[in-house]
Student: 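Below is one structure. I have some questions about it.
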Amino acid sequence: MSKDQYVLAIETSCDETAVAIVKNERELVTNVVASQIESHKRFGGVVPEIASRHHIEQITLTLEEALTQAEMTIDDIEAIAVTEGPGLVGALLVGVNAAKALAFAKQKPLVGVHHIAGHIYANRLEKEFEFPLLSLVVSGGHTELILMDEHGSFEVIGETRDDAAGEAYDKVARTLKLPYPGGPHIDKLAQEGEVSIDFPRAWLEDGSYDFSFSGLKSAVINKLHNAKQKNEEIPPQDVAASFQDSVVDVLSTKTYKAAKEYGVKQVIVAGGVAANKGLRSALKDKFKEEDCELLIPPLHLCTDNAAMIAAAGAVAYQQGHRSGYDLNANPGLDLEMYGKRGS
Amino acid sequence: MNVLAMDTSNDVLGLSIVKNGIVAGELMTNVKKNHSIRLMPAIDQLMRDTQTKPEELDRIAVAHGPGSYTGVRIGLTTAKTMAWSLGIPVVGISSLKALASQGRLYEGYICPFFDARRGLVYTGLYDTKLNLIKEEANLLMSDWLASLKDLNAPILFLSQDTALHKDMIEEYLGDQAVIADAGYHYPSPSYLALAAMEKEPAPLHELVPNYLRIPEAEAKWLAQQEKR
Ligand SMILES: [Zn+2]
């Protein structure tokens, strides 16, 4: 029997300083996330400068916490994985340079990981992948449909042409004067409301798997603005429910169509918005009669974390990918290009 | 004691390895290139050239600002994480003090500064023994120079950004001001290493950048809170 392989990963692409250890690609050993939400609440959003500042205050503490929880030392770790992009450049820089310092000091191999590949691989900590698989990635910065034929290969078959779904959530939440972060608040409010307003759904051209949410966002803002002008009262629960219904309808319908067209064995939901109750239940509904398996990660693996980076990094490491000491933060890292690196 | 010192707080990338008080190797470049890409390969190279293994290091020194936010963070993250993983102390030294060290044989006051745009500078005042005489601050060069006039003593100015402020320095201080030759305007990484041997290390997790000013977004927010 070969010896157990432990990969330690660092993720600092936005406002969470996270370190995790994963054993043999699929087993979560420890997952530490130092969230900055409280600090950014004051500003109603993530302030990049402040995020970087927090990361540098937290990074060694978070590393230490992860090893302490795992009852391990750095010497037990086989490779270091880190998010190289996409994300906020100043935030990414802290993780990338910490990972390089760790890799150099302890002479360990280093593997750069794409943040979205991480979100997808979070699911592999729960269930082994079966290819081909389709992944719907929805977060504050992403709305994408990604097809995978094998490990480490990513084909983007649909993406947003304007706002990410999470971004639309945040803007609508701000208009409804909900606290930051807005997504979970809208989701909660929507559960109490009724779908009474007919908001637009952007289906785009026939056969397209792309998304667009800016029209919907404007429609919601206009509706609220007009009602205010006329002194009309629209229950915010109904606005939330109707807005969410539109988003979820488009997301789940396009995912379903793509799953059919590509004959996938699994459909994976990934990214922060995967925590959304409305989206979860709509997808479960769509796929309940289907052969293909629907995987939605548990909440702690939906939001940004380092376990997902360790899971994706462990596979990349197995496939022989290595990053040099010149690894840099890449805020615009492309997923397809990342999948093709070295080949 | 073997010390690795690094400075990426401004345009200069400086590295030094000092072994038992002897400078074993030094590396300095002054090019506007990405420290994040270049720092670790440079450390790797200098460690090889001086035949130093990471586990042979006893201490890490880092210029912890002021300077470019990004540069300071790259250096500090690297220094902190290396020290943490090797289980050795890390010592933060002011980037201004590292620059002031270039004038340490000068009989008089030493004023290192970095341009901080819009007439502002990061600066402080040191004596020939590198004791801090006037607190480091981020302020208008004109205000700073006016305050130096009262010292009635010669002051050596050290800065890569001298050309930007030369006229104003001479206007305010006349003969009181001495502007060093080109070779002196770059912080010495070996001085960082030597200074770190003398300084008591602070707890590792608590080492944070020496910003000297708060980010704009936070400043705006604080100002708004004041108004309320
Ligand atoms: Zn994410």
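Each chain gets a letter, A, B and so on, in the order the sequences are listed, and its residues count up from 1.
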Student: Side chain, backbone, both or neither: which part of A:Leu327 has a heavy atom under 4.5 Å from chain B?
Tutor: backbone
Student: What are the two closest heavy atoms between A:Ala105 and B:Pro54, and how far apart are they?
Tutor: O-CB, 3.4 Å
Student: With a 4.5 Å cut-off on side-chain heavy atoms, are B:Tyr211 and A:Arg53 touching?
Tutor: yes
Student: Flag yes if more than 12 heavy atoms outside A:Arg322 fall under 6.0 Å of its CZ atom; otherwise flag no.
Tutor: yes
Student: Output the residues of residues 182-208 of chain B for which the shortest heavy-atom distance to chain A is under 4.5 Å, in residue-number order; output 'none' if no such residue exists.
Tutor: B:Leu204, B:His205, B:Val208
Student: What pairs of donor and acceptor atoms, side-chain ones from residues 307-314 of chain A against any protein atom, are under 3.5 angstrom apart with sequence neighbours left out?
Tutor:
none

Student: How long is the gap from CD on A:Glu64 to OG on B:Ser85, to the nearest 0.5 Å?
Tutor: 11.5 Å
Student: Which bit of A:Lys106 comes within less than 4.5 Å of chain B, counting heavy atoms only: side chain, backbone, both or neither?
Tutor: side chain
Student: Give the minimum heavy-atom separation between A:Val94 and B:Thr77, together with the two atoms involved.
Tutor: O-CG2, 3.1 Å
Student: For atom NE2 of A:His225, is the number of surrounding heavy atoms from other residues, nucleotides or ligands below 6.0 Å larger than 12?
Tutor: no
Student: For B:Met1, is the CE atom crowded, meaning more than 12 foreign heavy atoms sit under 6.0 Å from it?
Tutor: yes
Student: Could you please spell out the steps behind the side chain to side chain contact (heavy atoms under 4.5 Å, CB included) verdict for B:Thr81 and A:Asn97?
Tutor: CA-CA 8 Å; B:Thr81 313; A:Asn97 283 283; over 6 Å; no
Student: CG of A:Leu102 to CH2 of B:Trp84: how many Å apart, nearest 0.5 Å?
Tutor: 6.0 Å
Student: Can you list the residues that meet the ring-ring contact (aromatic ring centres under 6.0 Å, His included) rule with A:Tyr325, with sequence neighbours excluded?
Tutor: A:Phe104
Student: Do you know which two heavy atoms are closest between B:Lys80 and A:Ile56, and how far apart they sit?
Tutor: NZ-O, 2.9 Å
Student: More than 12 foreign heavy atoms under 6.0 Å from CD of B:Glu135: is that the case here?
Tutor: no
Student: Going by residue number, which parts of residues 19-46 of chain B are within reach of chain A, meaning a heavy-atom gap below 4.5 Å?
Tutor: B:Asn34, B:Ser36, B:Ile37, B:Met40, B:Pro41, B:Ile43, B:Asp44
Student: Within the supplied structure, the quantity of interest is the number of heavy atoms (other residues, nucleotides, ligands) at a distance under 6.0 Å from B:Gln51 CD; does it exceed 12?
Tutor: no
